[in-house]
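Structure, as structure tokens:
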Amino acid sequence: MRQQIVAGNWKMNTTLEEGIELTKAMLGKIESPRGLVVVAPPLTHLHGIGKLLQPHPQFHLAAQNCHQEPKGAFTGEVSASMLVSVGASFVIIGHSERRQYFMEDNITLSAKVNAALSQGLKPIFCCGEPLDNREAENQVEYVCEQIKAGLFHLPEEAFKQVVIAYEPIWAIGTGRTASSQQAQDMHQALREYISKKYGGSIADDTSILYGGSCNAQNAAEIFAQPDVDGGLIGGASLKSDDFAAIISALK
Ligand code: 13P
């Protein structure tokens, strides 16, 4: 059975103090989540927030990025083993903002996936099409290509550790969410694509999250879709009430 997951990607928001307050408020409002809750604060907060999450087995710590090399002269970068050493168990890889602003290409991203897996970190691998591709109606081909380039080099056992997040770029931070049908159609297409490569059982067990203007109002309808296994939440994860409501929308 695949896991239902809600992950909060705080992006570059909150001071450490604000992040701690947010985490405490969130923990106070979410009693027994129906799935896993993953929190991805900024790098500087990982250790402190990880300690707050530690007594809560359904809450997991994620980083928003990692470097592909294990160590060395890469000023400003952080390795997968460093993330594990501060308590992270997931890492977001290939977010569209990393692809767009930091020029992360498919070769780099597949190397990051390998680096994460080699340390036991589960990648939350992001994919999603720009508006142009949605309008040209070739979004499925576009997103499948991202999945193939980033993940299909993995052997079965490694692929099973990966969570996929479908985040259409036109829906991120825009208030324009994909309709629940658009999300379902893409998730179903991705599951079929994974099935062709890894077989039906692995495809069925792969968690595919939706991200992009997912909020307390629309989460339940999106999560209710059969191939949507939760969400990767940006803006709404910064408000404890909204994040708690989104988590309670898990099926
Ligand atoms: P928003 O929820 O703010 O649209 O961001 C989605 C996202 O990019 C999560 O990674």
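Every number for a ligand or one of its atoms is a count from 1 in the order of the listing.
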Exercise. Provide the full list of side-chain hydrogen bond (donor to acceptor under 3.5 Å, both in side chains) pairs with a residue in residues 241-251, sequence neighbours left out, each pair given once.
Key: K29-D241
Quiz prompt | For atom 2 (O) of ligand 1, closest protein heavy-atom neighbour | solution = G234 N, 2.9 Å
Quiz prompt | Residue pair F223, Y210: steps toward the ring-ring contact (aromatic ring centres under 6.0 Å, His included) verdict | solution = CA-CA 8 Å; F223 296 173; Y210 170 79; 8.4 Å; no
Practice problem: For H95, counting its heavy atoms only, list the atoms of ligand 1 lying under 4.0 Å from any of them. | Solution: 7 (C), 8 (O), 9 (C), 10 (O)
Quiz item: Please, which pairs that meet side-chain hydrogen bond (donor to acceptor under 3.5 Å, both in side chains) have at least one residue in residues 150-165, sequence neighbours excluded?
Solution: N114-H153, K122-Q161, E157-K160
Quiz item: Looking only at heavy atoms, is any part of A236 under 4.0 Å from ligand 1, and if so is it the side chain, the backbone, or both, or is it neither?
Solution: neither
Quiz prompt | Under 3.5 Å: donor-acceptor pair, side chain of S213, backbone of G175 | solution = yes
Quiz item: What atoms in ligand 1 come closer than 4.0 Å to a heavy atom of N9?
Solution: 9 (C), 10 (O)
Self-check item: Within-cut-off N or O pair, T174 and ligand 1, under 3.5 Å
Solution: no
Exercise. Say whether, by atom type as modelled, one donor and one acceptor occur between the side chain of S207 and the main chain of Q3 under 3.5 angstrom.
Key: yes
Quiz item: Given the rule in the salt bridge (Lys or Arg N to Asp or Glu O under 4.0 Å) test, do R98 and D105 qualify, once you have shown the distances and angles that lead to the verdict?
Solution: CA-CA 9 Å; R98 301 282 328 164; D105 59 14; over 6 Å; no
Self-check item: Protein heavy-atom partner closest to atom 3 (O) of ligand 1 - residue, atom, separation in Å
Solution: G235 N, 2.8 Å
Quiz item: Any sub-3.5 Å donor-acceptor pair from Q58's side-chain atoms to P33's backbone N or O?
Solution: yes
Practice problem: Considering heavy atoms of the protein only, find what lies nearest to atom 9 (C) of ligand 1 and give residue, atom and distance to 0.1 Å. | Solution: E167 OE2, 2.8 Å
Quiz prompt | Subset of ligand 1 atoms that lie under 4.0 Å from at least one heavy atom of S213 | solution = 1 (P), 2 (O), 4 (O)
Exercise. Answer yes or no: does an N/O atom from G212 fall short of 3.5 Å to an N/O atom of ligand 1?
Key: no
Exercise. State the atoms of ligand 1, each with its element, that fall below the 4.0 Å cut-off from a heavy-atom position in A171.
Key: 4 (O)
Quiz item: Hey, is S96 one of the residues with a heavy atom under 4.0 angstrom from ligand 1?
Solution: no
Quiz item: Quick one: which of I93, L109, V113 gives a side chain to side chain contact (heavy atoms under 4.5 Å, CB included) with L151?
Solution: V113
Exercise. Examine the proximity of ligand 1 to L232 and report which part, side chain or backbone, both or neither, has a heavy atom under 4.0 Å away.
Key: both
